[in-house]
Amino acid sequence: MIKIILNGNTQTCEPGKKVGEILADNNALAARVNGQIVDLAYELKQDSEVNPIYFDSQEGRSIFWHSTSHLMAHAVRLLFPDVKLAIGPAIDEGFYYDFDLTHSLTEKDLEKIEAKMRELVKKNLPIVHKFIAKPELEKSYHQAGEKYKLEILSEVPDEKISTYEQDGFFDLCLGPHLSNTGIIKAFKLLSVAGAYWKGDEHNPMLQRIYGVSFPSQEQLDEYITKLEDAKRRDHRKLGPQLGLFLFSEDLGPGLMLWTPKGALMRRIIEDYWIDTHFKAGYEITYTPHIARGHLWETSGHFSYYKENMFTMTIEKEEYALKPMNCPGHILIYKSAVRSYRELPIRYAELGTVYRNERSGVMHGALRVRGFTQDDAHIFCTPDQIEDEIYSTLQLAIKIMSDFGFKDFHIDLSLRDPNHKEQYVGTDEQWDMGEQALIKALDRSGLKYTRREGEATFYAPKIDIKLLDSLGREWQCPTIQFDFNLPSRFNLYYMGADGRHHTPFMIHRAILGALERFLGILIEHYAGAFPVWLNPVQATVLTITEAETDYAEQVIAQLKTQNIRVNKDFRNEKISYKIGEAERDKIPYILIIGKREKEQNKVALRKRRQGDLGAANLETVIEQIKQDIFERR
RNA sequence: GCCCAUGUAGCUCAGUCGGCAGAGCACUUCCUUGGUAAGGAAGAGGUCGUCGGUUCGAUUCCGACCGUGGGCUCCA
């Protein structure tokens with residue numbers, strides 16, 4: 001007999017008993033036995049601690065989705081016998097499988113594949129874990145012409161290969177997997193896309209099908225509702241609809257036109273940004289959009305970034321549009337001999353940069369070729385770096401929360417300790433830099449994830465990802481050291497010892513790029529911006545022409561209070577005008593009819609709250625100002 | 001850049017198996033002066049993404065290109 005601890009309770013059983021029988025729980029997808037994740041068919045051989053794994057954990061979902069991916073591959077194999085299978089993992093939200101198939105898959109095919117998958121689910125096929133001798137497996141893959149599987153196999157050192165099989169369809173896989181196809185109650189194939197074998201563009205292009213699955217139809221419906229909600233928030237749709245920005249084929253891809261309302265919002269953001277940065281001890285600069293090639297040679301951009309730069313020839317000399325603002329700031333730093341007494345120097349700039357992004361990667365306002373970074377570069381002494389990182393973090397968090405983002409995921413990217421030769425800079429610099437980042441994070445009390453080997457070649461960094469109202473992540477603030485440019489440009493400062501010292505340089509952006517940040521704000525607020533950000537804060541609607549004079553007085557009063565106000569005096573029914581104002585997501589709608597005019601009031605209607613009845617204008621102005629003050 | 005899909009009025013979308021291009025909303029004018037999310041009528045609006053080919057005739061079929069979308073890749 002062996003001892004089993006299940007959910008903290010101890011019991012005994014015969015050796016060889018399956019985990020699934022011990023759990024006796026229909027909702028358990030797999031189990032963790034002594035810390036190792038195993039199938040329900042796993043046989044217990046020794047004293048073990050057993051914990052069930054459900055769909056509510058990341059591990060559980062991953063197993064569920066991986067099994068669905070196999071199910072899909074099984075269906076595709078049945079429908080298209082000549083298919084060659086590549087890989088089919090679970091991903092953050094769902095799964096995919098890559099196929100090499102002569103037939104081009106379409107949406108219609110997805111329906112067919114789903115139907116075939118449903119058949120396989122109904123059959124309740126057992127999913128069986130088997131170990132097959134490598135030569136045997138190689139032989140059968142060779143016969144089937146499964147070249148991708150053979151390639152994977154050649155990279156596996158094991159002699160006995162772990163595979164999973166369901167009704168004759170098998171796939172190499174470490175597992176674990178669900179015990180039966182019948183568990184996969186609800187799934188949807190979402191899209192078909194091209195993907196290179198192993199993600200390398202020199203390799204053949206495969207066809208990838210993305211999908212998602214759940215233990216119940218309700219969960220799938222909920223997921224689909226969420227997708228639809230995300231679609232309703234799509235900044236590419238709302239942006240032009242709300243008059244914020246647009247793209248024009250005549251202008252060129254990845255180049256954004258800020259239309260008046262969007263430009264006004266940008267102005268509000270910029271004013272806030274500049275004011276906040278002045279208060280935080282930054283100095284504002286402007287640097288030109290083009291610079292001679294020589295500068296980009298010194299900075300190194302021409303050797304490692306030139307293919308992403310727009311270049312031109314002026315008087316026989318090569319110039320380039322700036323892809324980054326740092327060289328300009330460095331030239332300002334270098335324009336005088338700097339003393340340790342004047343450090344830290346913090347140069348901030350809303351700098352518009354241009355990058356020649358590959359044609360397939362542009363995406364609405366989020367990925368463009370011309371964009372304005374809220375960039376800054378801090379030059380400081382070694383003993384200032386921790387404080388500088390700390391205050392930059394505080395500033396980033398303050399700004400993000402002012403824009404309504406309160407939840408973050410923070411990544412700390414460090415160098416790969418086993419491949420130190422890949423990085424520029426000295427060990428001393430790296431140790432100081434990494435320690436400063438860690439200390440500043442700890443001092444801030446922020447939770448973060450360490451990512452070894454994720455640093456850029458020139459320095460470690462902190463990336464902050466915002467979570468929006470749908471729980472989606474957006475990478476915005478980034479704080480990175482630079483151990484490369486100060487030495488390339490021979491930067492120094494005069495130390496207390498009368499000698500030259502190389503300053504530490506910190507790059508940082510908080511909003512990222514204004515274009516992208518506007519897109520994120522639209523998605524986060526679904527276009528219904530807080531009052532302080534909304535380009536139109538209030539609108540005045542009249543019921544009949546008789547109230548026009550009084551309504552104009554109301555508007556004049558709002559304007560003296562610096563409230564951004566619109567009007568709609570058109571000869572239309574009030575409900576028509578309200579509908580339009582609501583669709584424009586204007587936060588305050590002031591309605592004026594005969595009664596309001598007589599009583600010297602306004603009828604207030606607030607976004608999402610509806611009709612609030614008559615109120616004194618002064619009260620309404622106070623409310624608006626309070627909303628602005630509290631950034632609601 | 002690559003694979004696949006896609007492009008008809010300002011917007012959302014019909015349609016033409018090759019023969020003068022359609023609706024709703026928006027816009028203009030007129031009627032309606034109305035009380036909390038779309039009152040009525042009339043009018044105007046399109047080189048059917050661009051260029052080329054096939055054809056008596058192309059928005060429709062074919063090709064190239066451009067844009068957009070889903071991905072891959074890249075993201076200093």
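Numbered from 1 within each chain, the chains take letters A, B, ... in sequence-line order. Values reported hereafter were calculated over all heavy atoms of this structure, with side chains retained and with hydrogens, waters and symmetry mates removed.
- Legend: salt bridge (charged side-chain N to carboxylate O under 4.0 Å, His left out) pairs involving residues 540-552 of chain A, not counting sequence neighbours, sorted by first then second residue: A:Glu552-A:Lys567.
- In this structure, CZ of A:Phe371 is placed 14 Å from P of B:C75, rounded to the nearest angstrom.
- Applying the side chain to side chain donor-acceptor pair (under 3.5 Å) criterion to A:Asp92, with sequence neighbours excluded, gives no partner residue.
- Residues satisfying the salt bridge (Lys or Arg N to Asp or Glu O under 4.0 Å) test with A:Arg355, not counting sequence neighbours, are none.
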Please tabulate, for the side chains in residues 243-251 of chain A, all donor-acceptor contacts under 3.5 angstrom to protein atoms that are two or more places apart in sequence or on a different chain.
residue, atom, partner, partner atom, Å
A:Ser248, OG, A:Asp250, N, 3.0
A:Ser248, OG, A:Leu251, N, 3.4

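- Put simply, CD1 on A:Ile589 is 14 Å from C1' on B:G35, counting in whole angstrom units.
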What dot-bracket string describes RNA chain B from 5' to 3', counting Watson-Crick and G-U wobble pairs whose defining distances are under 3.5 Å, with [ ] for crossing pairs and | for pairs to another strand?
(((((((..((((.....[..)))).(((((.......))))).....(((((..]....))))))))))))....
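- Only the P atoms considered, B:G34 is 37 Å distant from B:U12, to the nearest whole Å.
- Residues forming a side chain to side chain contact (heavy atoms under 4.5 Å, CB included) with A:Gln422 (at least two apart in sequence, or on another chain): A:His419.
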Which protein N or O atoms sit under 3.5 Å from an N or O of nucleotides 36-38 of chain B?
residue, atom, partner, partner atom, Å
B:U36, O2', A:Arg605, NH1, 3.0
B:U36, O2, A:Arg605, NH1, 3.0
B:A37, O4', A:Gly579, N, 3.4
B:A37, N7, A:Arg605, NH2, 3.4
B:A37, N6, A:Glu582, OE1, 3.4
B:A38, N6, A:Arg583, NH1, 3.2
B:A38, N1, A:Arg583, NH2, 3.2

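- For residues 319-329 of chain A, every residue pair satisfying the salt bridge (charged side-chain N to carboxylate O under 4.0 Å, His left out) rule, not counting sequence neighbours, is listed here: A:Lys322-A:Glu349.
- For the pair A:Lys597 NZ and B:G35 C1', the interatomic distance rounds to 16 Å; values are reported in whole Å.
- Sorted by first then second residue, the salt bridge (charged side-chain N to carboxylate O under 4.0 Å, His left out) pairs that include residues 592-605 of chain A, not counting sequence neighbours, are A:Glu582-A:Arg605.
- Less than 6.0 angstrom separates the ring centroid of A:Tyr223 from the ring centroid of A:Phe214.
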What string of B, S and - do you get for nucleotides 63-74 of chain B, 5' to 3', if B is base contact, S is sugar-phosphate-only contact and - is no contact with any protein heavy atom under 4.0 Å?
---BSSSBBBBB
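- Among residues at least two apart or in separate chains, salt bridge (charged side-chain N to carboxylate O under 4.0 Å, His left out) pairs with a member in residues 285-301 of chain A are A:Arg292-A:Glu317.
- In terms of the side chain to side chain contact (heavy atoms under 4.5 Å, CB included) criterion, residue partners of A:His363 (sequence neighbours excluded) are, by chain and number, A:His235, A:Arg236, A:Leu366, A:Arg367.
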